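The structure presented is a predicted model; accordingly, all values stated were derived computationally and were not measured.
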Amino acid sequence: MQTLLCDGSRLILPDGGSIPCSMGRGGLVPAAKKREGDGATPIGRWRLTHGFYRPDRVDRPDCALPLTALDPQSGWCDDPADPAYNRFVTRPYGASHEVMWRADGLYDLLFVTDHNADPVVPGMGSAIFLHCRHPDGNPTAGCIAVARDALVALARQFEEETVLEIRERPAG
């Protein structure tokens, strides 16, 4: 099993190298305290289950994880009251959802974690992705983000069982 470690500001790679990353604007929280819309990144070990890419912007990387091409109708439900909460949806969609076909490039390539996935608990947080970082390094809404070129290179190295471990940086 391959593990990527994120300490809040850097993603430590299996080879010992590291790259800058952005985390949630609400900081890091224990997974049990994660709530929809809090902007926090949940601490824990999250398996990367599958990914999405924008075929008009990124070539499909050779990756061991399943990848699906996004289109303008791609969305992700973030409405805790909806049966599709924390799931991919096709737009237009009647409940609150995130548009995955983004103009800002943050979702040109993204990988879905299994945070709050089995079972899905309404309100415990949705759409915790590993995705492309804003060029200015801005915080995310709770996801983990790295530079697009780095994410493309990482995708080629992912194994079927790749885990993203998020933990707080040790004091000192």
Side-chain angles (χ1 to χ4, degrees), residues 4 6 8 11 21-58 60-61 63 65-146 148 151 154-155 158 161-168:
L4 305 172
C6 186
L11 186 67
C21 69
S22 295
M23 305 292 277
R25 66 181 178 279
L28 300 176
V29 297
K33 294 186 179 203
K34 172 70 182 147
R35 297 294 180 266
E36 186 64 43
D38 64 4
T41 301
I43 295 169
R45 288 178 57 86
W46 313 114
R47 190 170 61 87
L48 300 180
T49 59
H50 61 287
F52 295 93
Y53 68 101
R54 271 202 53 169
D56 62 323
R57 293 189 178 163
V58 177
R60 183 186 192 286
C63 181
L65 298 174
L67 286 172
T68 302
L70 293 170
D71 63 39
Q73 288 72 46
S74 298
W76 197 271
C77 183
D78 57 11
D79 182 347
D82 192 81
Y85 177 63
N86 199 26
R87 299 279 186 255
F88 179 87
V89 295
T90 300
R91 303 176 55 245
Y93 192 74
S96 176
H97 61 278
E98 190 170 348
V99 175
M100 295 179 75
W101 189 266
R102 296 175 62 129
D104 62 12
L106 298 184
Y107 287 1
D108 285 0
L109 178 62
L110 69 95
F111 292 89
V112 179
T113 71
D114 67 351
H115 171 264
N116 194 25
D118 187 23
V120 173
V121 178
M124 294 295 287
S126 65
I128 303 299
F129 301 145
L130 173 61
H131 66 72
C132 302
R133 189 177 193 206
H134 187 279
D136 294 336
N138 297 345
T140 69
C143 296
I144 304 87
V146 298
R148 187 173 87 172
L151 188 55
L154 275 173
F158 287 162
E161 290 291 323
T162 295
V163 171
L164 180 61
E165 182 177 342
I166 300 166
R167 64 181 184 194
E168 294 186 75

Look at the side chain of S22 and the backbone N and O of G137, then say whether any donor-acceptor pair between them is shorter than 3.5 Å.
-> yes
Should F111 and C63 count as side-chain neighbours, where that means a heavy-atom distance under 4.5 Å?
-> yes
Whether S74 side chain and W101 backbone form a donor-acceptor pair below 3.5 Å = no
Check: N116 side chain, G125 main-chain N or O, donor-acceptor pair, under 3.5 Å = yes
To the nearest 0.5 Å, what is the distance between CD (E168) and OG1 (T41)?
-> 11.0 Å
Examine distances only and state if a side-chain atom of D38 and a backbone atom of R35 form a donor-acceptor pair shorter than 3.5 Å.
-> yes
Show me the side-chain donor-acceptor pairs of residues 44-53 shorter than 3.5 Å, one per line, residues at least two apart or across chains.
unit_1	atom_1	unit_2	atom_2	d
R45	NH1	E165	OE1	3.0
W46	NE1	P42	O	3.1
T49	OG1	V112	O	3.3

Under 3.5 Å donor-acceptor, E36 side chain and S126 backbone = yes
Over 12 non-hydrogen atoms of neighbours within 6.0 angstrom of CG in D136 | yes
Is K34 reaching over with its side chain to a backbone N or O of A40, donor-acceptor style, under 3.5 angstrom?
-> yes
Stepwise, does the side-chain contact (heavy atoms from CB on, under 4.5 Å) test hold for Y85 with V121?
-> CA-CA 9 Å; Y85 177 63; V121 178; over 6 Å; no
Not counting sequence neighbours, which residues clear salt bridge (Lys or Arg N to Asp or Glu O under 4.0 Å) with D56? List them please.
-> R54
Indicate yes or no for a side-chain donor-acceptor contact from R60 to the backbone of P55 under 3.5 Å, with no hydrogens or angles considered.
-> no
Under 3.5 Å donor-acceptor, R91 side chain and E98 backbone = no
With sequence neighbours left out, the residues meeting ring pair (Phe, Tyr, Trp, His ring centres under 6.0 Å) with H131 are Y107
Under a 4.5 Å cut-off applied to non-hydrogen side-chain atoms, are I144 and I128 in contact?
-> yes
Output for pair (L67 CG, L109 CG), nearest 0.5 Å, gives 7.0 Å
